[in-house]
Amino acid sequence: MIRKISIQGFKSISDETIELGRVNCLIGANGVGKSNVLEAIGILGAAASGRVDDESIVRRGVRAGLPRLYKSSFEAGRIRPHITLEATEASGACFRVSLLNPLDKPEPAWSFKTEMLSDGTSELVSRGERGDKTNLTATAGLSALKLVELPAAGAAAMLLQALQAYAIYCPNTPALRGAVPDPQMRPPVGLSGGGLAEGFQDLRKALGEEPLDDVLGLMDWVSDISATDAASSLLSPSVPRGMHVLKFTDRFMKKNRNTLTAFDASEGALYVLFAAVVCLSQSAPRLLAVDNLDQALNPRLIARLVERLSTWLASASMNRQLLFTAHNPAVLDGLDLTDDDVRLFAVERNSDGHTVVRRITPSAELRELNAEYPLSRLWLMGRLGAVPNV
């Protein structure tokens with residue numbers, strides 16, 4: 001797994017190093033930089049693929065913008081000349097880049113000023129600002145080219161592949177229902193949740209019935225879920241649809257009228273299915289992020305869902321990792337902070353406006369408070385920080 005992410009000079013993040021687990025929850029007030037953390041990894045993923053431009057970053061769920069919007073700019077202190085990003089595996093394998101794009105005359109693609117790829121024992125790629133640049137394209141990453149020469153199961157190759165496949169999902173209800181096309185489709189679902197019926201159908205075929213009982217257990221009104229390509233009898237002809245449509249069986253309704261599609265069913269069920277698909281599917285990225293995981297979910301439901309995330313991720317792959325942002329305090333009640341692979345981060349801005357990321361660990365004081373109050377209540381009480389100053 002990727003254990004460490006370092007970010008310098010990216011948006012509101014001046015200089016932060018974050019040590020990751022399997023499940024990583026970022027909480028904080030609106031506008032403190034939670035999404036910036038996710039997007040910095042997206043930029044690093046584009047660099048690992050060999051090119052950083054609008055097409056490559058949007059493909060990973062990063063918002064496109066002018067270069068001056070990506071580079072840190074604070075009233076206090078100088079502007080860093082480069083954006084520097086680094087990821088380190090548990091094995092010690094490391095990928096680091098420094099990227100530059102002129103603020104006044106931006107280029108279509110960012111330039112690689114420095115680049116380093118290590119397998120933990122030796123440097124495999126080393127590119128500096130000085131030295132021979134003959135036949136060296138500034139906008140082309142060298143590590144992506146080196147990947148074809150590396151052992152597929154080697155630490156450096158595994159690191160690059162995890163970064164290359166990284167995606168930030170931000171599901172919305174119309175895309176989950178299949179009512180609108182997803183602008184960024186990829187397996188197992190699009191970044192907005194499009195193709196959920198197909199993603200669920202593939203997952204069900206791969207896992208069978210029993211592993212999905214845990215998913216169904218989060219929806220007390222559902223007795224079964226399937227995907228069908230024969231939706232004409234279930235939907236009005238005026239309703240847009242994809243090739244497949246989700247079909248829910250309501251256990252409380254009469255059997256001849258107890259079938260609902262994604263257009264009729266609770267949106268909460270769709271968000272639960274989405275989380276299950278991206279966590280459990282073999283085709284999902286090894287490293288992935290979900291912005292606002294808690295949207296549209298009842299507080300108790302989101303707590304129960306978060307409880308299951310670590311198990312779902314590990315059952316798909318021992319190396320799969322998830323980062324997610326949340327605003328609902330109930331999310332915290334699903335986190336087992338005694339498990340070192342489940343990590344909670346408070347994201348705040350300091351007096352200079354810099355984003356600061358602080359891991360909340362189960363100290364003796366926190367455990368004593370938690371014995372009396374749930375984490376959700378402690379957050380609302382201000383005992384964890386990460387609350388707006390309003």
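Aromatic ring centres of Tyr169 and Phe274 lie closer together than 6.0 Å.
Between the side chains of Ser14 and Ser72, no donor N or O sits under 3.5 Å from an acceptor N or O. Between the side chains of Glu16 and Ser6, not a single donor N or O lies within less than 3.5 Å of an accepting N or O. No side-chain donor from either of Arg127 and Ser143 sits under 3.5 Å from a side-chain acceptor of the other.
Looking at Asp202, its side chain never comes within 3.5 Å of a backbone N or O of Gly199 through a donor-acceptor pair. In this structure a side-chain-to-backbone donor-acceptor pair under 3.5 Å is missing from Thr137 to Thr139. Arg257 contributes no side-chain N or O that, together with a main-chain N or O of Met253, makes up a donor-acceptor pair within less than 3.5 Å. Without hydrogens or angle criteria, Asp294 side chain to Leu297 main chain gives no donor-acceptor distance under 3.5 Å. Proximity of a side-chain donor or acceptor of Asn101 to a complementary backbone N or O of Glu107 within less than 3.5 Å is detected.
Under the side-chain contact (heavy atoms from CB on, under 4.5 Å) test applied with Val215, the options Val272, Val222, Leu207 reduce to a single match, Val272.
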Check the pair Ile360, Phe345 against side chain to side chain contact (heavy atoms under 4.5 Å, CB included), reporting the backbone distance first and the verdict last. CA-CA 6 Å; Ile360 298 173; Phe345 298 93; over 6 Å; no
Candidate pair Arg359 and Glu19, rule side chain to side chain contact (heavy atoms under 4.5 Å, CB included), full reasoning: CA-CA 8 Å; Arg359 183 184 175 189; Glu19 297 190 357; 5.8 Å; no
Go through it in stages, so that I can follow the logic: the residues are Leu246 and Leu260, the test is side chain to side chain contact (heavy atoms under 4.5 Å, CB included), and I'd like the CA-CA distance, side-chain angles, deciding distance and then a yes or no. CA-CA 8 Å; Leu246 283 170; Leu260 306 172; over 6 Å; no
Test side chain to side chain contact (heavy atoms under 4.5 Å, CB included) on Gln164 and Leu147; report intermediate values, then the result. CA-CA 11 Å; Gln164 289 175 352; Leu147 181 59; 3.7 Å; yes
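By the 4.5 Å heavy-atom criterion applied to side chains, His244 and Gln201 are counted as neighbours.
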